[in-house]
Amino acid sequence: MDLKEYNLSFKGYWLDNNRPELPDFSGSYLVYKCVYNQEANTVKLLELMYIGQAENIRDRIEKHEKRDVFLKECKNGETLCYSAAEVEKDSLDIVENALIFAQQPKLNDACKDKFNYDPAEFHLEGECSFMQYLNFRIN
């Protein structure tokens with residue numbers, strides 16, 4: 001059996017108040033805690049808190065049921081920031097499971113203990129800071 005490979009190119013970063021500008025493609029998304037410096041127009045990422053997937057990234061993040069949980073993690077002067085990678089709809093569950101299993105973000109509950117699919121390789125690039133593994137294989 002050939003080993004399936006997934007190549008993810010993360011785009012971003014979008015500040016929380018720019019959620020309407022997020023892409024509407026299907027894919028995986030990363031939720032970060034960050035500090036935005038308005039004068040310098042820079043973002044300092046502090047922590048990767050959550051990994052998810054959606055058939056429409058923008059709609060999912062706009063209506064996310066854990067939004068209040070994400071915001072409670074932010075201290076004064078901190079906000080949320082997002083990054084996203086396009087993933088084919090039929091691969092969303094596999095990619096999400098692999099990313100959560102490999103990265104172990106603190107606000108994800110499911111998929112941390114087991115990879116539920118056939119062995120696969122994953123290659124990540126782009127705007128995906130704090131990802132512990134950029135190239136990994138799960139057997």
Side-chain angles (χ1 to χ4, degrees):
M1 173 173 64
D2 288 332
L3 190 65
K4 179 79 172 151
E5 280 190 47
Y6 298 89
N7 297 299
L8 305 171
S9 180
F10 283 90
K11 312 285 187 234
Y13 298 100
W14 289 270
L15 289 170
D16 191 53
N17 61 347
N18 295 328
R19 288 187 319 276
E21 297 172 17
L22 282 159
D24 60 0
F25 54 62
S26 69
S28 292
Y29 61 89
L30 311 176
V31 180
Y32 291 93
K33 180 169 56 170
C34 72
V35 174
Y36 174 62
N37 181 326
Q38 190 169 0
E39 286 180 21
N41 194 30
T42 59
V43 173
K44 179 182 179 187
L45 299 175
L46 303 174
E47 179 183 13
L48 171 64
M49 298 188 303
Y50 186 84
I51 297 172
Q53 56 103 340
E55 290 188 15
N56 182 316
I57 299 285
R58 181 186 315 132
D59 286 351
R60 176 71 177 122
I61 290 176
E62 281 284 350
K63 301 169 185 161
H64 208 290
E65 70 279 355
K66 287 190 172 184
R67 181 169 162 67
D68 289 340
V69 174
F70 300 155
L71 289 169
K72 283 180 185 173
E73 291 289 320
C74 296
K75 297 181 178 108
N76 193 23
E78 298 175 350
T79 189
L80 300 175
C81 188
Y82 309 95
S83 184
E86 195 164 1
V87 176
E88 293 180 19
K89 289 180 184 177
D90 63 348
S91 299
L92 286 172
D93 292 335
I94 296 167
V95 170
E96 179 188 42
N97 189 176
L99 293 177
I100 293 169
F101 181 71
Q103 310 300 336
Q104 299 285 312
K106 74 177 183 180
L107 296 181
N108 284 93
D109 300 320
C111 303
K112 282 180 147 179
D113 299 326
K114 185 178 179 192
F115 184 63
N116 299 307
Y117 300 93
D118 291 333
E121 270 188 29
F122 300 85
H123 306 283
L124 286 56
E125 66 178 21
E127 319 305 348
C128 54
S129 293
F130 297 114
M131 296 299 256
Q132 207 171 350
Y133 306 103
L134 296 178
N135 296 298
F136 59 96
R137 178 182 182 162
I138 303 176
N139 292 321

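Quick caveat, the model's predicted, so the values are computed rather than measured. Residues take their numbers from the sequence shown, with the count starting at 1.
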Is there a donor-acceptor pair closer than 3.5 Å between any side-chain N or O of [X] and the backbone N or O of [Y]?
| X | Y | value |
| --- | --- | --- |
| Asn37 | Ala40 | yes |
| Ser83 | Lys11 | yes |
| Arg19 | Glu62 | no |

Distance, nearest 0.5 Å, that separates [atom1] of [X] from [atom2] of [Y]:
| X | Y | atom1 | atom2 | value |
| --- | --- | --- | --- | --- |
| Arg137 | Glu5 | CZ | CD | 9.5 Å |
| Asn7 | Glu121 | CG | CD | 9.0 Å |
| Glu88 | Tyr6 | CD | OH | 9.0 Å |
| Leu99 | Ile51 | CG | CD1 | 5.0 Å |
| Lys33 | Thr79 | NZ | OG1 | 11.5 Å |

Check: [Y] and [X] side chains under 4.5 Å, non-hydrogen atoms:
| X | Y | value |
| --- | --- | --- |
| Met49 | Leu80 | yes |
| Leu92 | Glu55 | yes |
| Phe101 | Asp113 | no |
| His64 | Tyr50 | yes |

For [X] versus [Y], what's the shortest heavy-atom pair and its separation?
| X | Y | result |
| --- | --- | --- |
| Pro23 | Ile57 | O-CB, 3.4 Å |
| Leu48 | Leu30 | CD1-CB, 3.8 Å |
| Arg60 | Ala54 | CB-CB, 3.3 Å |

For Gln104, enumerate each residue passing the side-chain contact (heavy atoms from CB on, under 4.5 Å) test, keeping only those at least two apart in sequence or located in another chain.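 Here the qualifying residues are Lys112.
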Check side-chain contact (heavy atoms from CB on, under 4.5 Å) between Cys111 and all other residues, then give those that pass, not counting sequence neighbours.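 Residues passing side-chain contact (heavy atoms from CB on, under 4.5 Å) with Cys111: Asn97, Ile100.
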Tabulate below the donor-acceptor pairs under 3.5 Å that side-chain atoms of residues 125-136 make, not counting sequence neighbours, or state none.
| unit_1 | atom_1 | unit_2 | atom_2 | d |
| --- | --- | --- | --- | --- |
| Glu125 | OE2 | Ser9 | OG | 3.4 |
| Ser129 | OG | Tyr13 | OH | 3.0 |
| Asn135 | OD1 | His123 | ND1 | 2.9 |

Who else is in the cluster with Leu46 when I, L, V, M, F, W and Y are joined by side-chain contacts under 4.5 Å?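 Cluster partners of Leu46: Val35.
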So which pairs with a foot in residues 90-100 pass salt bridge (charged side-chain N to carboxylate O under 4.0 Å, His left out), sequence neighbours left out?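 Pairs touching residues 90-100 that pass the test: none.
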Could you give the side-chain donor-acceptor pairs of residues 66-74 under 3.5 Å, partners two or more places apart or in another chain?
| unit_1 | atom_1 | unit_2 | atom_2 | d |
| --- | --- | --- | --- | --- |
| Lys66 | NZ | Leu107 | O | 3.0 |
| Lys66 | NZ | Asp109 | OD2 | 3.4 |
| Arg67 | NH1 | Asp16 | OD1 | 2.8 |
| Arg67 | NH1 | Asp16 | OD2 | 3.0 |
| Arg67 | NH2 | Asp16 | OD2 | 2.9 |
| Glu73 | OE1 | Lys106 | NZ | 2.6 |

